[in-house]
Amino acid sequence: MANDVYLQVAVDVPLRETFTYCCERPLPTGTRVAVPFGPRRACGIVTGPSAPGGLDPARIRPVLEIFDELPPLPVSFLEMVAFAAAYYHHPYGQTLFTALPTALRQPGNVRLPDRRHWWLTPAGRETPPPAAHRARRAVWQALADEACTLAALRPLAPQASAILKAWLAEGRVASGEPAALSFREGPVLALNGEQQTVLQALAGALAQGFSAWLLHGITGSGKTEVYLQLMARVLAAGQQVLVLIPEINLTPQLIERFAARFPDTPLVTLHSGLSDGERLAGWVDGWQGRAGIVIGTRLAVFTPLPRLGLIVVDEEHDTSFKQQEGLRYHARDLAVWRAHQAAVPVVLGSATPSLESLANVEAGRYRRLRLTQRAHGAARLPEVQLIDMRRKKRTEGLAEESVEALRTAQRAGQMSLVFINRRGYAPVLACTDCGWTSGCPHCSSKLVIHLPERRLRCHHCGWDAPVPGSCPDCGNVDIRPLGEGTQRLEAALTAMLPEARLLRIDRDTTRRKDDWDQLYQRIQAEEVDVLVGTQMLAKGHDFGSLGLVVVLNADSGLYSADFRATERLFALLNQVAGRAGRADTPGRVLIQTQWPDHPLYQALCRHDFDGYARTLAEERQAARFPPYCSQALLRADAPDLKDAMAFLDRLREALEPLAEGIEIVGPAPALMTRLAGRERAQLSFESCSRQRLQHFLSEAVPQVEAAARRASRSLRWSLDVDPQET
DNA sequence: AGCACGCCGACT
DNA sequence: GTCGGCGTGCTC
């Protein structure tokens with residue numbers, strides 16, 4: 001056997017290195033193969049040619065099988081994988097395999113859907129089958145109209161495949177790749193002056209290489225219409241568009257809008273809800289250039305697109321763009337890298353841009369465009385009012401004013417929304433009288449209650465204190481965790497509004513696939529007076545006109561242990577408020593709070609995003625938190641917290657000498673012990689220089705790996721670069 | 001991560 | 001006497 005060529009092959013294992021195999025012939029980089037790996041057969045991707053080097057040639061085993069149903073993966077794809085692996089300090093093989101659809105991760109052949117188009121030859125066109133042969137006639141008729149895929153013909157005649165085979169042999173039909181992307185644009189909406197200015201700026205950037213744009217447009221300002229008209233130009237030029245959206249926004253209504261606008265452009269959606277086969281088909285359609293539009297959640301950022309002309313990231317501030325396990329990538333950041341690689345513009349759109357993106361604007365890396373008016377001339381911003389809960393009579397957490405407003409709205413025939421904030425719930429202690437909260441004496445974090453031990457702990461620096469019996473500021477004994485008392489809210493609402501038709505929307509009531517459709521129909525049919533729900537209701541779905549929005553438990557996000565909580569709360573409340581009064585009536589938003597003077601609420605009432613963003617930015621700058629420093633978290637978990645802490649303690653000591661220009665904070669117990677039976681802790685690395693932090697991490701990771709090998713097998717660790725949740 | 005090898009407790 | 005617990009070590 002002449003196994004005379006050596007290859008480097010990446011395998012899906014948590015090891016930093018690639019492996020050397022031999023093969024009878026050279027294989028191009030990006031070829032998918034099956035290789036023997038220890039006692040098993042694994043899927044591998046060829047990453048390049050290789051020499052045996054110091055390796056004993058006897059240990060080098062031959063490639064078992066070469067999969068050639070698809071061409072080798074493009075170099076640009078492998079480059080992005082290499083970047084992501086390096087930046088997030090994740091093993092190359094595992095990074096590569098997370099970027100691939102599941103079907104391509106297995107060491108076996110894949111079956112691709114038949115996308116060939118069939119059409120009649122001149123001979124075939126002249127010989128229509130007799131009308132009595134209904135199946136053949138139907139197929140012929142369809143082909144006489146236009147070229148079709150087999151999938152399109154099957155509904156007309158189940159035996160379409162056999163018919164085509166016979167006709168092919170007789171020279172009556174031919175098949176091949178579909179014609180190049182045709183382009184047709186459905187009815188466009190008129191743009192207002194602002195939208196036109198924005199579109200012109202963006203259109204001017206097309207075909208001009210890389211540029212990054214932050215499109216900051218208030219809710220209802222018509223960002224989507226701008227995307228669509230910009231996309232039209234890209235698609236008309238025969239290029240592809242990648243659109244990334246948050247998980248929750250991937251609704252049939254949104255896809256329908258894109259599909260209706262570009263009726264002849266093949267559109268592919270990619271998200272985690274697809275079957276392996278569907279996901280593979282969409283991915284390959286993008287890669288082979290058949291799809292003009294690829295629209296999907298964070299995982300879609302990896303789709304190879306040979307004629308990429310534009311990337312759009314909608315709701316760029318949304319946290320679902322950050323993957324929270326395994327390769328902890330941020331799809332928005334990879335999208336910007338990718339736009340740079342492909343030399344195309346990237347548009348990041350949001351009503352409430354992330355502080356990260358605003359800082360990038362400040363630094364001159366992104367350019368900002370604004371939409372400050374609602375697209376429909378008459379639509380006004382909602383009126384936001386605060387209900388001071390400090391001296392209010394309340395029932396089950398509801399102020400009498402809120403109940404009264406709900407009654408009034410119902411009588412006026414308007415639909416209301418009661419929004420319960422459960423996001424970022426971490427029990428921070430607060431005084432119900434003076435507004436004192438449990439701040440950490442050593443850093444700018446909040447102390448969190450750990451009930452089993454009755455302790456207050458700082459999850460940032462690790463400070464630990466007993467729970468006080470009364471307020472340290474005013475002596476009031478009524479101190480309790482923020483956010484308590486919303487559990488029985490639905491029952492209370494039913495009792496207080498007996499004549500209103502309530503509809504609760506949350507994970508439980510929308511568990512099954514068609515649940516949401518049914519609820520949605522009830523809303524459309526105006527069979528609902530009061531919607532009650534959480535996060536799910538804040539974004540995405542359009543309920544038509546909401547007359548009133550009541551927000552409960554917003555305060556729990558105000559004084560949170562996570563320094564990003566206020567940024568998220570502000571974005572969330574903005575979004576909820578944007579649900580009110582979208583049509584021609586201005587809506588009303590009521591927020592129940594113990595801190596009516598808090599700058600966040602004050603800014604919300606004034607609709608002053610810029611002012612509050614500036615305040616937050618100054619706070620972050622003063623505390624040297626991201627985006628004014630680069631951060632990475634080393635997380636560890638074990639059945640027992642002290643094992644995780646001891647592991648991080650040892651590492652802190654070992655890494656200190658390498659940490660020039662790096663601040664190491666902690667270790668500290670993590671905010672929430674997520675998985676039952678496992679406890680988590682974390683060590684934070686912070687630096688004013690991203691490069692320096694990267695360099696440090698490159699040196700630190702091998703040490704972490706070594707320490708983990710020495711530690712108990714039950715200890716697990718992960719590194720989170722640019723963490724979103726701290 | 002898998003998977004095998006290896007060395008100590010309660011079962012036919 | 002053996003089945004099986006999971007500690008430890010390797011994968012070209």
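Convention: sequence-line order gives letters A, B, ...; per-chain numbering from 1.
One can place CD of Gln106(A) at 12 Å from P of dG2(B), the figure rounded to the nearest angstrom. Between Arg716(A) atom CZ and dA1(B) atom P there is a gap of 7 Å when expressed in whole angstrom units. One atom, CG of Asp56(A), and another, P of dC12(C), lie 12 Å apart when rounded to the nearest Å. One interatomic measurement links the two molecules: CD1 of Ile60(A) to P of dC12(C), which rounds to 11 Å at whole-angstrom precision. The nearest whole Å value for the distance from the CG atom in Asp12(A) to the P atom in dC12(C) is 15 Å. A straight line from CZ of Arg40(A) to P of dA1(B) spans 11 Å, rounded to a whole angstrom. Note: CD (Glu705(A)) to P (dT8(C)) measures 19 Å, nearest angstrom. Atom CG of Leu15(A) and atom C1' of dA1(B) are 8 Å apart (whole Å).
A donor-acceptor pair under 3.5 Å is absent between the side-chain atoms of Glu686(A) and the main chain of Glu663(A), judged by distance alone. Proximity of a side-chain donor or acceptor of Tyr628(A) to a complementary backbone N or O of Ala359(A) within less than 3.5 Å is not detected. No donor-acceptor pair closer than 3.5 Å links the side chain of Arg105(A) to the backbone N or O of Cys43(A). In terms of modelled atom types and a separation under 3.5 Å, the side chain of Ser630(A) and the main chain of Pro626(A) share no donor-acceptor contact. A distance-only check finds a donor-acceptor pair linking the side chain of Glu316(A) to the backbone of Ser354(A) [under 3.5 Å].
The ring pair (Phe, Tyr, Trp, His ring centres under 6.0 Å) analysis of residues 41-84 of chain A, with sequence neighbours excluded, yields the pairs Phe77(A)-Trp283(A), Phe83(A)-Tyr87(A), Phe83(A)-Trp337(A). Identified under the salt bridge (Lys or Arg N to Asp or Glu O under 4.0 Å) test for residues 33-46 of chain A, with sequence neighbours left out: Arg41(A)-Glu65(A).
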Could you give the side-chain donor-acceptor pairs of residues 54-61 of chain A under 3.5 Å, partners two or more places apart or in another chain?
from     : atom 1 : to       : atom 2 : distance (Å)
Asp56(A) : OD1    : Ala58(A) : N      : 3.0
Arg61(A) : NH1    : Gly38(A) : O      : 3.1

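Of all the heavy atoms in Pro669(A) and Arg457(A), the pair that sits closest is CG-CD, 4.0 Å.
Among the heavy atoms of the strands lying under 4.0 Å from Leu55(A) is at least one base atom, whether or not backbone atoms are also near. Note on Arg61(A): only backbone sugar-phosphate atoms sit closer than 4.0 angstrom, heavy atoms only; bases stay farther off. Within 4.0 Å of Tyr21(A), counting heavy atoms only, lie sugar-phosphate atoms of the nucleic acid but no base atom.
Aromatic rings from Phe696(A) and Phe685(A) are positioned such that their centres are separated by under 6.0 Å. Side-chain rings of Phe625(A) and Phe563(A) approach one another, their centers coming within less than 6.0 Å.
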All N/O pairs under 3.5 Å across the protein-nucleotides 5-7 of chain C interface:
none

What are the atom names and distances for every N/O pair under 3.5 Å that joins the protein to nucleotides 4-6 of chain B?
none

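No donor-acceptor contact under 3.5 angstrom links the side chains of Arg338(A) and Ser76(A), judged on distance only.
The stretch residues 77-93 of chain A has no heavy atom under 4.0 Å from DNA chain C, so no residue of it qualifies as close.
A sub-4.0 Å separation between OP1 or OP2 of dT8(C) and a side-chain N or O of Arg709(A) is absent.
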